[in-house]
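Working notes, structure below.
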Amino acid sequence: MVDLKTQYEKIQAKLDQQVIDVIRSGAFINGPAVKQFQQDLETYLGVKHVIPCANGTDALQIALMALDLEPGDEVIVPAFTYVASAEVIALLRLKPIMVDVDPHTFNVTAAIVEAALTPRTKAIIPVHLFGQSCDMAPILELAAKHNLWVVEDNAQAIGARYTFPDGQVKSTGALGHIGCTSFYPSKNLGAYGDGGAMYTNDDELAAKLRMIANHGQERRYYHDSIGVNSRLDSIQAAILGIKLQHLDTYCTARQAAAHYYDQALAGIAELITPAREASSTHVFHQYTLRVTNGRRDELQAFLQAHGVPSMIYYPVPLYEQGAYRDQAANGVTFLPVTDTLCKEVISLPMHSEMDDNTLAYICAQVKAFF
Ligand SMILES: *Cc1c(COP(=O)(O)O)cnc(C)c1O
């Protein structure tokens with residue numbers, strides 16, 4: 001599904017040197033490499049504050065902690081996403097309100113969110129699924145109208161850019177109040193271990209996020225709020241700093257692979273290739289097809305038998321997961337699009353090092369199946 005080895009080999013000399021430099025410096029925690037990466041990422045994203053942390057799930061949790069919500073407050077989240085997006089809501093004793101997604105883009109829309117609003121709704125977590133932004137302008141407008149926080153789950157879409165109706169272009173994650181991302185190794189900007197970050201343009205929120213991520217202290221040993229310990233370590237920051245210089249190239253390579261898949265698989269009636277949000281670039285964290293004839297699992301078995309890996313993101317709607325059935329999103333037990341997608345989606349290999357031979361082989365196998 002990914003090829004981290006080839007990607008590494010192309011920048012090996014620089015990366016190895018950075019890692020050795022950190023080890024020799026002894027500055028493993030909050031060293032200069034962390035500060036440098038933070039600044040580089042702020043510049044890249046065009047955002048005022050980046051607050052690095054230990055992983056993407058922590059980023060979401062700390063973001064919600066910074067909003068001073070009350071137990072039972074409702075947070076709207078898609079049911080078709082990775083569990084982390086909803087997990088942090090439940091963990092903080094807030095109420096995840098699971099909503100459906102658009103069948104073409106797999107993302108939530110303003111209309112879907114609006115239909116789920118109640119007087120207790122306090123925040124929305126739009127997930128920029130598989131690498132493209134939700135259509136954020138109408139979502140932000142809705143949020144402003146109802147005084148809602150917007151925490152973007154940008155774990156899969158770092159590098160994507162959203163164009164507002166007035167032509168303004170911004171990075172995903174820098175659109176709402178707080179953006180959260182993950183540097184899990186297979187993400188578009190992946191570390192060689194865990195990592196994550198929050199971003200915001202709001203000075204007050206930035207100070208709060210930084211404080212919560214650091215045991216609720218601004219001054220060492222003076223704890224003004226209950227926090228957590230969530231840090232990006234210096235070795236990971238040094239690695240990410242190098243890889244950030246290549247992120248746009250990686251995204252372009254993913255887009256080229258997606259274009260190849262699109263062309264090669266266009267004629268198959270039982271397959272739907274991924275739609276593009278008109279307002280967003282797509283950085284293809286995943287290339288996800290829909291198999292509409294009920295033979296998705298058969299296709300996966302066929303591909304596996306012919307040496308082609310594939311993954312189902314995601315096989316089970318969140319409201320059907322054991323952990324969430326209870327509070328099942330405020331009584332939500334079935335969402336038709338999410339239900340259908342969980343049965344139809346299949347993701348093909350997608351990374352920055354795809355070559356035409358590999359793509360041709362994968363597409364030939366898909367075609368052979370149909
Ligand atoms: C990967 C991911 C996360 C969590 O990131 P971790 O670094 O693994 O904690 C959250 N949301 C989405 C949509 C993700 O894909």
Side-chain angles (χ1 to χ4, degrees), residues 1-2 4 37 41 50-65 75-92 96 98-99 101-102 105-108 123-134 136 150-160 172-173 175-176 178-199 209 213 228-233 236-237 239-240 243 251 254 277 280 282-288 311-318 321 323-324 338 341-342 345 347 350-351:
M1 291 299 286
V2 296
L4 298 175
F37 171 64
L41 190 58
V50 164
I51 300 98
C53 64
N55 57 68
T57 309
D58 273 11
L60 288 162
Q61 180 184 328
I62 295 163
L64 288 180
M65 287 172 79
V75 181
I76 294 175
V77 65
F80 188 63
T81 180
Y82 183 55
V83 69
S85 322
E87 188 172 42
V88 293
I89 305 172
L91 205 59
L92 295 172
M98 295 179 193
V99 296
V101 294
D102 178 87
T105 63
F106 313 136
N107 279 334
V108 295
I124 314 167
I125 304 186
V127 181
H128 304 312
L129 204 69
F130 300 151
Q132 65 182 339
S133 181
C134 301
M136 287 300 287
V150 178
V151 175
E152 299 171 70
D153 184 339
N154 197 37
Q156 300 188 0
I158 192 165
T172 54
L175 308 167
I178 305 172
C180 298
T181 205
S182 162
F183 304 123
Y184 186 81
S186 64
K187 297 283 157 84
N188 286 27
L189 179 58
Y192 292 159
D194 276 309
M198 300 159 279
Y199 10 116
L209 293 168
V228 297
N229 171 24
S230 189
R231 293 186 286 243
L232 179 69
D233 71 68
Q236 298 305 335
I239 291 163
L240 287 165
K243 291 185 77 177
C251 290
R254 286 170 178 272
E277 292 269 11
S280 174
H282 197 323
V283 293
F284 287 97
H285 176 59
Q286 298 298 340
Y287 185 87
T288 303
M311 291 292 283
I312 309 302
Y313 301 117
Y314 296 92
V316 182
L318 283 188
Q321 297 284 359
Y324 295 92
T338 296
L341 291 179
C342 289
V345 290
S347 299
M350 173 52 78
H351 51 78

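Every number for a ligand or one of its atoms is a count from 1 in the order of the listing.
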Kindly determine whether Glu152 and His128 satisfy side chain to side chain donor-acceptor pair (under 3.5 Å), including the steps that lead there. CA-CA 7 Å; Glu152 299 171 70; His128 304 312; 2.7 Å; yes
Could you walk me through whether Phe106 and Tyr314 pass ring-ring contact (aromatic ring centres under 6.0 Å, His included), step by step? CA-CA 11 Å; Phe106 313 136; Tyr314 296 92; over 10 Å; no
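- The shortest N/O to N/O separation between Leu60 and ligand 1 does not fall below 3.5 Å.
- Nearest-heavy-atom check against atom 8 (O) of ligand 1 across Pro185, Ala191, Ser182, Gly190 picks out Ser182.
- Using a 4.0 angstrom heavy-atom cutoff, His285 does not count as in contact with ligand 1.
- Contacts with ligand 1 closer than 4.0 Å are made by side-chain heavy atoms of Asp153 only, the backbone lying farther away.
- In terms of protein heavy-atom proximity, atom 2 (C) of ligand 1 is nearest to Lys187 NZ, 2.6 Å.
- For the residue pair Gln132 / Ser280, no side-chain donor-acceptor distance below 3.5 Å is found, with atom types taken as modelled.
- Annotation for ligand 1: atoms under 4.0 Å from non-hydrogen atoms of Ala155 are 2 (C), 3 (C), 10 (C), 11 (N), 12 (C), 14 (C), 15 (O).
- Distance from atom 15 (O) of ligand 1 to its nearest protein heavy atom, with residue and atom name: Gln156 NE2, 2.8 Å.
- For atom 4 (C) of ligand 1, the nearest protein heavy atom (residue, atom name, distance) is Thr57 OG1, 3.5 Å.
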Assess the residue pair Ser347 and Thr288 against the criterion (side chain to side chain donor-acceptor pair (under 3.5 Å)); give the C-alpha distance rounded to whole Å, side-chain angles, the decisive distance to 0.1 Å, and a yes or no. CA-CA 4 Å; Ser347 299; Thr288 303; 2.8 Å; yes
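- Residue-environment remark: OH (Tyr192) exceeds the threshold of 12 foreign heavy atoms within 6.0 Å.
- No hydrogens or angles considered: a donor-acceptor pair under 3.5 Å links the side chains of Tyr199 and Asn154.
- Here Phe130 and Phe284 keep their ring centres 6.0 angstrom or further from each other.
- Proximity to Asn55 (heavy-atom distance under 4.0 Å) selects the following atoms of ligand 1: 7 (O), 9 (O).
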